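Here is the structure we will look at.
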Amino acid sequence: MTLRIGNASGFYGDRFDALREMLTGGELDVLTGDYLAELTMLILGRDRLKDPTAGYARTFLRQLEDCLGLARERGVRIVTNAGGLNPAGLADAVRALADRLGIPVRVAHVEGDDLTAAHPGSLAAHAYLGGFGIAACLREGADVVVTGRVTDAALVTGPAAAHFGWQPGDHDRLAGAVVAGHVLECGAQATGGNYAFFRDGDVRRPGFPLAELHEDGGCVITKHPGTGGFVDVGTVTAQLLYETQGARYAGPDVTARLDTVRLTQDGPDRVRIEGVRGEAPPPALKVGLNKLGGYRGEVVFVLTGLDIEAKAALVREQLEPALGKAADVRFELVRTDRPDAPSEETASALLRLVVRDPDQEVVGRALSGAAVELALASYPGFHVLAPPGKGSPYGVFEDVYVPHGAVDHVAVLDDGRRISVPPAHDTAVLEEVPEPPLPEPLPPGPTRHAPLGLVAGARSGDKGGDANVGVWARSDDAWRWLAHELTADRFRELIPESRGLKVTRHVLPNLHALNFVVEGILGAGVAARHRFDPQAKALGEWLRSRHLDLPEALL
């Protein structure tokens with residue numbers, strides 16, 4: 001007995017017609033849509049400040065208007081976290097849409113994640129719920145299930161638990177579904193999107209992934225026939241490493257052991273996942289707090305030609321008196337210029353100034369006035385990429401934890417009945433897994449100074465203020481070299497930003513992979529825009545571009 005679950009959205013703003021593509025491209029039992037991220041919760045929180053009836057992903061409604069009848073005809077049930085901060089509101093909107101279209105559907109929603117009232121000063125505080133509220137809705141016959149903040153993988157564990165009759169103690173089966181859900185959650189990232197070796201296939205328009213789940217928790221990751229992109233062990237490995245930390249991948253339903261995952265190519269565009277072991281979930285639920293941190297202003301000065309560093313120094317000296325009251329002032333000189341350049345743009349460097357303060361006036365009018373006044377009184381060739389604005393609000397993200405029992409997890413059915421979802425009783429404190437033995441190192445031989453990316457892939461992402469960089473080898477010999485060469489200390493050498501930070505290396509031999517967690521590199525999270533790449537999306541590609549002494553036998 002196989003359950004086919006597809007995904008049609010990896011974020012709020014993903015490809016609009018993916019819902020129709022997945023419904024028409026092949027057989028499905030359940031179609032999920034993931035719309036939420038830390039930044040999205042902040043955006044929806046600001047929407048709700050303006051309109052108390054808002055707070056959900058409106059795009060989903062427009063997609064559903066085009067596809068609700070199609071899903072009904074094909075018997076595909078839809079599960080989505082597009083409810084955001086207002087799942088009840090979205091569920092009501094879906095019912096109104098269905099009535100207007102004359103399509104009989106039963107719409108249920110899951111609530112209990114909203115803990116904002118218990119965290120004064122937060123714009124949005126939401127616990128990450130598991131999949132058993134979704135399962136309760138589906139067992140009672142819901143055609144569409146809307147949730148708020150659940151874990152991304154819960155969109156798969158819920159339907160799987162409902163279909164196969166799994167219970168909270170079925171840790172291995174649930175862990176297999178968590179791994180499948182983690183692969184699916186970011187949509188086309190599992191089918192060649194954002195992939196280190198993107199030239200291995202045609203990724204101009206990758207299809208969206210689906211999982212063929214089995215009762216024992218194993219699955220096959222694939223995609224609809226004829227869609228773009230590709231699915232292989234590498235694309236699945238990359239997504240498994242994305243935004244994870246150690247060998248234990250904890251969630252509210254189960255802790256999945258990523259070090260037990262086994263991947264095999266099961267045919268073209270088919271990767272089998274098996275062997276996943278699960279453990280009891282940790283005793284506390286993660287709660288994401290989103291707050292307004294203040295205001296942020298930015299000006300980017302263009303410095304062209306000669307004396308770039310002297311020009312940058314002049315701007316700093318001229319502006320510093322006007323910025324003395326600001327809480328945080330950062331200048332960053334980006335040397336995009338080159339000598340004897342064939343175009344003005346390639347002869348230019350960028351000096352980026354970012355100012356943060358609780359007072360909008362400090363980062364707005366004070367900054368813009370001081371910058372504009374330099375127009376005829378600063379370095380030769382003075383100009384900026386865009387006029388400075390009045391300063392925009394920014395957010396900060398923080399994790400806190402509460403006991404499972406502190407959350408009232410409820411499935412609300414189409415007829416108004418409410419089913420309470422009991423908290424997890426079987427829990428285990430999360431502990432680090434001892435480092436496994438490393439493979440035998442490669443024998444000594446000639447080397448060539450070349451980019452790491454010639455022998456290894458990488459994918460990176462954010463978790464609050466931390467970043468992770470997963471690195472994997474594409475062959476046994478490359479793994480033997482990588483496991484010994486790319487230590488935490490070597491990582492710090494290659495990524496200078498990490499030198500003053502805690503870097504933890506996790507070894508995953510089954511995946512031929514190393515996962516590095518860099519604490520604090522993203523400051524207060526993506527909404528604070530602490531660095532040039534605020535979500536660390538390209539941190540792995542930077543690492544791959546760094547040069548090491550690579551064994552010639554691998555090249």
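Values in this document were obtained by computation on a predicted structure and should not be read as measured data.
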| Residues that Asp47 engages under salt bridge (Lys or Arg N to Asp or Glu O under 4.0 Å), provided they are two or more places apart |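 Listed in chain order: nothing, the list is empty.
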| request: For Glu111, enumerate each residue passing the salt bridge (Lys or Arg N to Asp or Glu O under 4.0 Å) test, keeping only those at least two apart in sequence or located in another chain. | output: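 Partners of Glu111 by the salt bridge (Lys or Arg N to Asp or Glu O under 4.0 Å) criterion, ordered by chain and then number, come out as Arg418.
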Mind checking the [atom1]-[atom2] spacing from [X] to [Y]? Nearest 0.5 Å is all I need.
{"X": "Thr2", "Y": "Glu215", "atom1": "OG1", "atom2": "CD", "answer": "11.0 Å"}
{"X": "Asp170", "Y": "Asp216", "atom1": "CG", "atom2": "CG", "answer": "11.5 Å"}
{"X": "Leu64", "Y": "Leu90", "atom1": "CG", "atom2": "CG", "answer": "8.5 Å"}
{"X": "Leu258", "Y": "Leu508", "atom1": "CG", "atom2": "CG", "answer": "6.5 Å"}
{"X": "Phe230", "Y": "Asp202", "atom1": "CZ", "atom2": "CG", "answer": "9.5 Å"}
{"X": "Glu65", "Y": "Ile103", "atom1": "CD", "atom2": "CD1", "answer": "9.5 Å"}

Are [X] and [Y] side-chain neighbours, meaning at least one heavy-atom pair lies under 4.5 Å?
{"X": "Glu274", "Y": "His214", "result": "no"}
{"X": "Thr151", "Y": "Leu129", "result": "no"}
{"X": "Thr227", "Y": "Glu21", "result": "no"}
{"X": "Arg72", "Y": "Val105", "result": "yes"}
{"X": "Thr157", "Y": "Val178", "result": "yes"}
{"X": "Lys291", "Y": "Leu123", "result": "no"}
{"X": "Leu85", "Y": "Thr116", "result": "no"}
{"X": "Leu28", "Y": "Met22", "result": "yes"}

What residue pairs, at least two apart or across chains, pass ring pair (Phe, Tyr, Trp, His ring centres under 6.0 Å) with a residue in [range]?
{"range": "residues 63-113", "value": "none"}
{"range": "residues 502-523", "value": "Trp479-His512, Phe491-Phe516"}
{"range": "residues 243-276", "value": "His182-Tyr249"}

Show me the donor-acceptor pairs within less than 3.5 Å that the side chains of residues 55-63 make with the rest of the protein, sequence neighbours left out.
residue : atom : partner : partner atom : Å
Gln63   : OE1  : Tyr35   : OH           : 2.5
Gln63   : NE2  : Phe16   : O            : 2.9

| Residues which pass ring-ring contact (aromatic ring centres under 6.0 Å, His included) with Phe197, listed by chain and number, not counting sequence neighbours |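 Listed in chain order: Tyr195.
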| query | Below 4.0 angstrom, N of the basic side chain to O of the carboxylate: do Asp143 and Arg77 qualify? | reply |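 The answer is no: the pair does not qualify as a salt bridge.
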Go through the structure and list residues passing side-chain contact (heavy atoms from CB on, under 4.5 Å) with [X], not counting sequence neighbours.
{"X": "Ala161", "answer": "Phe132, Ala135, Arg139, Trp166"}
{"X": "Arg20", "answer": "Thr24, Asp66, Cys67, Leu70"}
{"X": "Glu27", "answer": "Arg4"}
{"X": "Arg199", "answer": "none"}

For residues 395-414, which side-chain N or O atoms pair as donor and acceptor with protein atoms under 3.5 Å away, sequence neighbours left out?
residue : atom : partner : partner atom : Å
His404  : NE2  : Pro282  : O            : 2.8
Asp414  : OD1  : Arg95   : NE           : 3.0
Asp414  : OD1  : Val107  : N            : 3.0

